[in-house]
Amino acid sequence: MSDSAPTAGSSPAPTDLTEDRPVYVIGGGPGGLAAAAALRARGVRAVVLERTGSVGASWRGHYDRLHLHTTRRWSALPGLPMPRKFGRWVARDNVVRYLEKYAEHHELEVITGVEVSRIDRAADGSGWRLSASGGRELTGRAIVVATGFNHTPHLPDWPGRETFTGRLLHASEYRSPAPYTGKDVLVVGVGNTGAEIAVDLVEGGASRVRLAVRTVPHIVRRSTAGWPAQATGILVRRLPVALVDRAGRLMARAAVPDLSEHGLPRPDTGLYSRVKEGAIPVQDVGLIDAVKSGRVVPVAAVESFDEDAVVLADGTRVTPDTVIAATGYRRALEPLVGHLGVLDGRGRPVVHGARTPKQAPGLYFTGFTNPISGMLRELARDAEKIAKRVSRKGR
Ligand SMILES: Cc1cc2nc3c(=O)[nH]c(=O)nc-3n(C[C@H](O)[C@H](O)[C@H](O)COP(=O)(O)OP(=O)(O)OC[C@H]3O[C@@H](n4cnc5c(N)ncnc54)[C@H](O)[C@@H]3O)c2cc1C
């Protein structure tokens, strides 16, 4: 993609696109593109600033076997369905194709290679000033921050980490099992990414795969008799947490075998309580079978490293060739907006979607929650809400 994406096209925009101050959207992932398209559909000029050379940068970097866990229909962004030929569970490369097509279809103004480093109030108080790479200073009437929930890989500061003589990498660097054929691998963390990488490794010929578990996860089937787990997530999201926790327990007993004797007991806190704390359930893409058959062996959490050994919480020492840390990401919003008092104690925006912080009107955030109903679906909905609000209020 060129420095500034083409904006010319056959279909004219619905109303005036010549506002002297556009809305700047920071980030050219699904959240930013959806917001820009929804704004444009309401006649508001939106300019997407993307730090890499192309849209969908996060998706380009994900591992090869990744497919959406959410259905094609409920993962599409406003104004463009995903093609049927992508199938129900869309592959990573098709997600990237869709995002490229999306920017083109909506004739979005995307400026690539521009990283925004800080957001401040404009000197005249009527908008927002962005400081960006290349010494750029840009002023927008409103800003949509869409820099991603999974912004900066988080590698815990385990004692002795630097003494480890094996290979230690974050899951964000993992692409395929090929480099690990015949190797003894310890995957740390059993979220969706850790669970899927562990399965990928056994299927790809790793000699031994252990999975270090700090908190036992909730595991759900991606679909049961054709009914996707996401549909249940959408239906229950507004119900009381305790009720959903109870129903989740019953469903898990019916659909997921007891893996206690294989080292994965059932969790003792409810599924929806966990979601509210930020941990979405693990969708089974082979973990249950791999654990049952002993091809993936759950072990205790990692405590520290000691040269060739990894010391686990139960005192066991293991000596894997490689440790893959599926230990999550940070939002890393502090440099951008930390000085504006709009982040909570966990570094997440205090508001999202169409709501803006009281002291920061015109500053929107999208993509910083991890909903049970699917993040892409929520990004799409938030985009519409933000666009409606901006077009009504002018910022
Ligand atoms: C492995 C994995 C699988 C997932 N699977 C699903 C799924 O099946 N279904 C679902 O609904 N959700 C899924 N998600 C969650 C979510 O939908 C995706 O993470 C999605 O990409 C989020 O979109 P986003 O636009 O908010 O963030 P991102 O896609 O991360 O996009 C953020 C963009 O902002 C750019 N950027 C960052 N900082 C700056 C800056 N300072 N200046 C300029 N640009 C910047 C980045 O380069 C990037 O292009 C998954 C997430 C992961 C990690």
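These numbers come from the heavy atoms of this one structure, side chains and all, not from hydrogens, waters or symmetry mates.
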Any side-chain heavy-atom pair of [X] and [Y] under 4.5 Å:
| X | Y | result |
| --- | --- | --- |
| V337 | F365 | yes |
| V188 | I324 | no |
| T319 | V310 | no |
| E303 | W158 | no |
| P335 | R118 | no |
| V209 | V199 | no |
| V185 | I197 | no |
| L108 | V55 | no |

Test salt bridge (charged side-chain N to carboxylate O under 4.0 Å, His left out) on R60 and E100 and set out the steps.
-> CA-CA 11 Å; R60 287 171 203 276; E100 286 170 345; 2.9 Å; yes
From CA spacing to verdict: side-chain hydrogen bond (donor to acceptor under 3.5 Å, both in side chains), S75, T70 | CA-CA 6 Å; S75 303; T70 49; 2.7 Å; yes
Could you pull out the closest heavy-atom pair between [X] and [Y], with the gap in Å?
| X | Y | value |
| --- | --- | --- |
| P30 | L379 | CB-CD1, 4.1 Å |
| A301 | A212 | CA-CB, 4.3 Å |
| V114 | S133 | CA-OG, 3.5 Å |

Verify, without hydrogens or angle tests, whether [X] (side chain) and [Y] (backbone) share a donor-acceptor contact under 3.5 angstrom.
| X | Y | answer |
| --- | --- | --- |
| D245 | S273 | yes |
| Q359 | G341 | yes |
| H218 | T269 | yes |

Mind telling me whether Y102 and Y98 have parallel, tilted or perpendicular rings, with 30° and 60° as the class edges?
-> tilted
Decide, yes or no, whether a salt bridge links [X] with [Y] under the criterion of side-chain N to carboxylate O below 4.0 Å.
| X | Y | answer |
| --- | --- | --- |
| E261 | K292 | no |
| R175 | D64 | no |
| D184 | R167 | no |
| R295 | E203 | no |

Sequence-distant partners of Y174, side chain to side chain donor-acceptor pair (under 3.5 Å), two or more places apart =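 D200.
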Residues forming a side chain to side chain donor-acceptor pair (under 3.5 Å) with D308, sequence neighbours excluded =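 If we apply the side chain to side chain donor-acceptor pair (under 3.5 Å) test to D308, skipping adjacent residues, there are no hits.
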Residue pair R317, D306: steps toward the salt bridge (charged side-chain N to carboxylate O under 4.0 Å, His left out) verdict = CA-CA 9 Å; R317 292 167 73 89; D306 182 13; 2.8 Å; yes
Does R389 make a cation-pi contact with Y364, if we ask for NZ or CZ under 6.0 Å from the ring centre and within 45° of the axis?
-> no
Cluster question for you: counting only ILVMFWY and a side-chain heavy-atom cut-off of under 4.5 Å, with indirect links fine, are [X] and [Y] together?
| X | Y | result |
| --- | --- | --- |
| I234 | V241 | no |
| V282 | V297 | no |
| M375 | V220 | no |

Distance alone, cut at 3.5 Å: any donor-acceptor contact between the side chains of [X] and [Y]?
| X | Y | value |
| --- | --- | --- |
| H62 | R92 | no |
| S373 | Q230 | no |
| H67 | N94 | no |
| T232 | W227 | yes |

Yes or no on salt bridge (charged side-chain N to carboxylate O under 4.0 Å, His left out) for R21 and D124, after CA distance, side-chain angles and deciding distance?
-> CA-CA 13 Å; R21 284 183 177 179; D124 64 7; 3.0 Å; yes
Does a sphere of radius 6.0 Å around CZ in R73 hold more than 12 heavy atoms from other residues, nucleotides or ligands, not counting ones at 6.0 Å or beyond?
-> no
List the steps and the verdict of side-chain contact (heavy atoms from CB on, under 4.5 Å) for R51 and I26.
-> CA-CA 9 Å; R51 65 178 172 176; I26 311 174; over 6 Å; no
Partners of R72 by salt bridge (Lys or Arg N to Asp or Glu O under 4.0 Å), sequence neighbours excluded?
-> none
Atom CG of L201 and atom OG of S207: how far apart are they, to the nearest 0.5 Å?
-> 10.0 Å
